[in-house]
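Working notes, structure below.
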Protein chains: 2
Amino acid sequence: MMQAKPKGNVDDTDISPRDLAARAAWLSFVGGLTQDQIAQELGISRQRAQRLVARASSEGLIRVRIEHPIAECLELERALKARFGLTSAWVSPGLGAGVDPLQGLAPFVAPVLERLFSSDEPKVFALGTGRTLKTVVDQLRAVDGSRHKLVSLIGNVAPDSSASFYEVIMRFAEKIQARHYPMSVPVAARDDVELNLYRSLPHVAASRELAKSADLAIVGIGQMGDDAPLYVDGFLTADELTALRASGGVGEICGHIFDAEGRYLDHPVNDRMVGVRVPEGDMPVYCIGAGASKLAALSAALRGGLIDGLFTDEWTAKALISQ
Amino acid sequence: MMQAKPKGNVDDTDISPRDLAARAAWLSFVGGLTQDQIAQELGISRQRAQRLVARASSEGLIRVRIEHPIAECLELERALKARFGLTSAWVSPGLGAGVDPLQGLAPFVAPVLERLFSSDEPKVFALGTGRTLKTVVDQLRAVDGSRHKLVSLIGNVAPDSSASFYEVIMRFAEKIQARHYPMSVPVAARDDVELNLYRSLPHVAASRELAKSADLAIVGIGQMGDDAPLYVDGFLTADELTALRASGGVGEICGHIFDAEGRYLDHPVNDRMVGVRVPEGDMPVYCIGAGASKLAALSAALRGGLIDGLFTDEWTAKALISQ
DNA sequence: CCATGAAATGAGCAAATGCTCAGATCGTAA
DNA sequence: TTACGATCTGAGCATTTGCTCATTTCATGG
């Protein structure tokens, strides 16, 4: 499927090296040993110890969390809920200007999702896609959620027929060992005939039904700037993007484009999405997103009541509250 | 109750300083910023940034966990279960010779207990006391376990009438917001009359009944060397300690002393404990303990089938398996 | 068998970190 | 107001850490 590079960080069946890295990291972080001491303890060179610890961090073997809720963030959560009628809000501390907001948001979101997934009661979670969700799932700890079901809200085949795209649901399913129902058709149909064809496929119809009756939807949010994900990934042509913006499009959730008031556009592009449009029924929708580029989209989604819960960072929360 | 020192690390209503520490730690650990950058971001001196991060770690605002199960530890867990007929075993990676085993064991045990406490089904947990359990509870994250009940297996009043001792159940209860039932009487009665008196007190009888019907017991284990906890804390005189050792006593759980085969001694000291002796009925008993000093006691408890689950560290596990 | 390239290793060095000490700041009491 | 004590703060320095580069090791293919 992919390149044959032996560098792949997927979990292959290595026995020793990763173990050793974990051990070095344990000695360093938990034991507070210096690299020299680690080297001695493990019978390796100080240099190697250093590399093992670095590797453990970069491969995500280390998970750090701050136990103390920062008052300012709690206040922002309260304000977001009050201002936009959300049922839930989570605000991560910011990491300063130069840093990708996801770097802070993802490790903050992951534990919350773990809590959701560790509910004893079997639930159906409907998932979107995108870089945000992918980054979050990478941070997710392996918890046993085998009683739950995961279903995709959106097709998983890109216009160039590649299926890899941002495969989020598989990764989620691996982490929590849940049954999963991807929507194995193109994200968008090219015309109404195709749309009806896709939707009439039994496995698609089943996934759509399951998604519509899910207990909770977890989605990202896309912006409509020049580097809109829909455009970059080839779902829209440059002309279409321009046209949609002219029609007022400022953001999208699961490929469904909406205007600044959070109303979905009445536009052919929107009508040909094979997946499910949220909100659907009384299923709560939790959205994960932060950063200046997503501000307009988030603001619109909030204004239109498209979402019920929001994960974001401090900077974005402040910006949203001050309009 | 305690000294009036304003240094107490109990959660007082500070607003800013701890928040700032948490924020600095977040920037450092999650954001990977250098102290200089943190200082700039927070508008403070590099020095202060350094101190804030250090403080955050020392105050336990930071929680680090290793995501990767180390093969060698898994193997030891398997071996422990097979060898001693345990239903569960957890082995933490060792931290090298010079370090208190608890420093590694406690952060390892805490997440496992969190999982136990996050079960949706209401349960009754029976708890022992001691330094081990206290260190573990300090590492525990605040999870909502308000549906559970916590009950003490042992009295909470020391011979000198001080109640503070190792107050574990309160700390657990605070962390998980569970109803708790301490056993508010002396640990040991001075004679049979007193024993019967204590046990006939309604709240003691109720606690004992609840403890006996608990879903799970979580206990530490004590050794009977010259610095036996029972002796150090004043529950035994030096003479008694010597006598008990002469009678074969090598360890104790909740103050009940047993011999090298894990059989409880038939001795007056043992008969005057007000609390509950484990195992009791079919309630599983999980024991937390590691270190050379506890080896004999652990070995005996395992041999006698006193415990069903064991939390220990690598070194101790190896020693136990090789007899 | 050797040639080749990629990854692992160790040395050296610059940056970052943690610690100590002296001075500053603040609150309290005379 | 001034003196006092305790904490907070910043500078300097020793230690620790992370990075780069040259070398070695290992695996693969000629």
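No hydrogens, no waters, no symmetry mates; every other heavy atom, side chains included, goes into these values. Naming convention: chains lettered A, B, ... in sequence-line order (proteins, then strands); numbering from 1 in each chain.
A salt bridge does not link B/Arg23 to B/Asp19: none of the charged side-chain nitrogens sits closer than 4.0 Å to a carboxylate oxygen. Taking the charged nitrogens against the carboxylate oxygens, A/Arg171 and A/Glu174 have no contact shorter than 4.0 Å, which rules out a salt bridge.
Comparing the start and finish of the helix from C/dC1-D/dG30 to C/dA30-D/dT1, five pairs each, the helix axis swings through 20°, to the nearest 10 degrees.
When the P atom of D/dG18 is taken as reference, atom CZ of A/Arg55 falls 16 Å away, rounded to whole Å. Summarising the geometry, the separation between CG on A/Leu42 and P on C/dT9 is reported as 13 Å, rounded to the nearest angstrom. Across the protein-nucleic acid pair, A/Arg48 atom CZ and C/dT9 atom P stand 4 Å apart, rounded to whole Å. Computed from coordinates, the B/Gln35 CD to C/dA16 C1' distance equals 7 Å when rounded to whole Å. Rounded to whole angstrom, the span from the CZ atom of A/Arg46 across to the P atom of D/dC19 amounts to 12 Å. Here the P atom of nucleotide D/dT17 and the CD atom of A/Gln47 are 12 Å apart, to the nearest Å. Atom CD in B/Gln50 sits about 12 Å away from atom C1' in D/dT16, given to the nearest Å. The CG atom of B/Asp36 sits 10 Å away from the C1' atom of C/dT17 (whole-angstrom rounding).
Using cut-offs of 30° and 60° on the angle between ring planes, the pair A/Phe311 and A/Tyr286 is perpendicular.
Considering all non-hydrogen atoms of both residues, B/Ile70 and A/Ala22 come closest at CG1-CB, 4.0 Å.
Taken to the nearest 0.5 Å, the CG atom of B/Asp100 stands 4.5 Å off from the CZ atom of B/Arg131.
Without hydrogens or angle criteria, B/Arg63 side chain to B/Gln139 main chain gives a donor-acceptor distance under 3.5 Å. Under the 3.5 Å distance criterion, the side-chain polar atoms of A/Ser118 are matched with a main-chain donor or acceptor of A/Glu114.
The base of C/dT20 sits with one of its N or O atoms less than 3.5 Å from a complementary donor or acceptor on the side chain of B/Arg51.
Taking side-chain N and O atoms only, A/Thr34 has no distance below 4.0 Å to OP1 or OP2 of D/dT15. For C/dG10, one of the phosphate oxygens OP1 or OP2 lies less than 4.0 angstrom from a side-chain nitrogen or oxygen of A/Ser45.
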